[in-house]
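To find a chain, count down the sequence lines: A is the first, B the second, and so on, and within it residues start at 1.
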There are 2 protein chains.
Amino acid sequence: MEATKHFRKRDAILNCLRSTDVHPSAEWIHEQLKAEHSDISLATVYRNLARFKERGDIVSLGTVNGVERFDGNTNPHVHFICTSCSGVLDLHGVAVPQELNERVSGTGQVNSCQLTFTGKCNQCIKQEETA
Amino acid sequence: MEATKHFRKRDAILNCLRSTDVHPSAEWIHEQLKAEHSDISLATVYRNLARFKERGDIVSLGTVNGVERFDGNTNPHVHFICTSCSGVLDLHGVAVPQELNERVSGTGQVNSCQLTFTGKCNQCIKQEETA
DNA sequence: TCCTAAATGCGAATGATTATCATTTACACC
DNA sequence: GGTGTAAATGATAATCATTCGCATTTAGGA
């Protein structure tokens, strides 16, 4: 049996986000889903992303070039943002030392932390050389 | 002697940003400067912030609640963002281990890195208790 | 079948940021 | 002092991502 029609779109949004590593924007997700759900509204994507975020099912990486980017992987990990192509990459094998969390606890109650490196990714560097 | 009239506003914007620790938005700066420069335009604040950012004189912390926040302190340091009052605090004595930078160099050419903790600040916690 | 609440599509509204353009200012040169 | 030119500014319109309002659709139970 297939999922109920009512939640097909909601699930599709979450699945889309979880099955990509591009750390997409709402609009990117909307574009992807049009293939399967030709009538899906951009508002629905925004609405559900907000809902997922509230519930902690997904995570916001903040905005890149004025557009919010999301991550379906809620395991804490580090990101690399390329200022040239606006791509976001996961940095495996790099982690925020746990002891930092404790050091911060004097300032308030920490819910999450985010470490982001910014620069030019290898792919953009290579493209620049050949150009 | 005073600075030339031409650059008084530009300097005022940078000075304003450098002499506060609230990590302000463009609009906050605009409000502050109205006292000394009653005719300053919000566009001028935005324009100069963009210029400063390009030149590396200031740093953007990304957006909090949809508004970009800036920091006149370009020394790398860690931030705490309160989800309750949208305040941004400096975390002194906490730093990103240098070895991480090197670990990331395989992915691209790193220009900067940003570590941000999110949660509820002590002040908001206290206010909640007494309320 | 009937009812209610949630989910959606559509389009308008919002609001931060940016672009446009006429005006003002600084500064070098005469 | 004028004159010319380029940068800076103010005012306001435009842009664009995001949110809101509302009518419609759907699910699921009585």
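Counted by atom type alone, A:Glu68 and A:Thr63 present zero donor-acceptor pairs between their side chains at under 3.5 Å.
Between atom CG of residue B:Asp57 and atom CZ of residue B:Arg51 there is a gap of 8.5 Å, rounded to the nearest 0.5 Å. With values rounded to the nearest 0.5 angstrom, B:Ile81 atom CD1 is found 5.5 Å from B:Thr118 atom OG1. In this structure, A:Ile40 CD1 and A:Cys16 SG are separated by 9.0 Å, a value rounded to the nearest 0.5 Å. Within the model, atoms CD of B:Gln109 and CD1 of A:Ile125 stand 5.0 Å from one another, a figure rounded to the nearest 0.5 Å.
If you look at B:His77 and B:His92, their ring centroids are not closer than 6.0 Å.
Other residues, nucleotides and ligands contribute at most 12 non-hydrogen atoms within 6.0 Å of the CD atom of B:Glu36.
Summarising the geometry, the separation between NE2 on B:His30 and C1' on D:dT9 is reported as 12 Å, rounded to the nearest angstrom. Distance, B:Glu31 CD to C:dA16 P: 12 Å, rounded to whole Å. The separation between B:Trp28 atom CH2 and C:dT17 atom P is 16 Å, rounded to whole Å. Going from atom CG of A:Leu14 over to atom C1' of C:dA7 covers 16 Å, rounded to whole Å. Per the geometry, CG belonging to B:Asp11 stands 15 Å off C1' belonging to C:dT25, to the nearest Å. Taking atom CZ of residue A:Arg8 and atom C1' of nucleotide D:dT25, one finds them 14 Å apart after rounding to whole Å. Taking atom CD1 on A:Ile29 and atom P on D:dA17, their separation rounds to 15 Å, with Å as the unit. In this structure, the CG atom of A:Asn65 is 19 Å from the P atom of D:dT15, given to the nearest Å.
Non-hydrogen atoms lying under 4.0 Å from DNA chain C are contributed by A:Asp39, A:Ile40, A:Ser41, A:Ala43, A:Thr44, A:Arg47, A:Asn48, A:Arg51, all within residues 38-54 of chain A.
The side chain of A:Lys9 places no N or O atom within less than 4.0 Å of a non-bridging phosphate oxygen (OP1 or OP2) of D:dT26.
Among the nucleotides C:dT8, D:dA17, C:dA16, the one closest to the side chain of B:Glu27 is C:dA16. When each of C:dG9, C:dA7, C:dA16 is scored by its nearest atom to the side-chain atoms of B:Val67, the top-ranked nucleotide is C:dA16.
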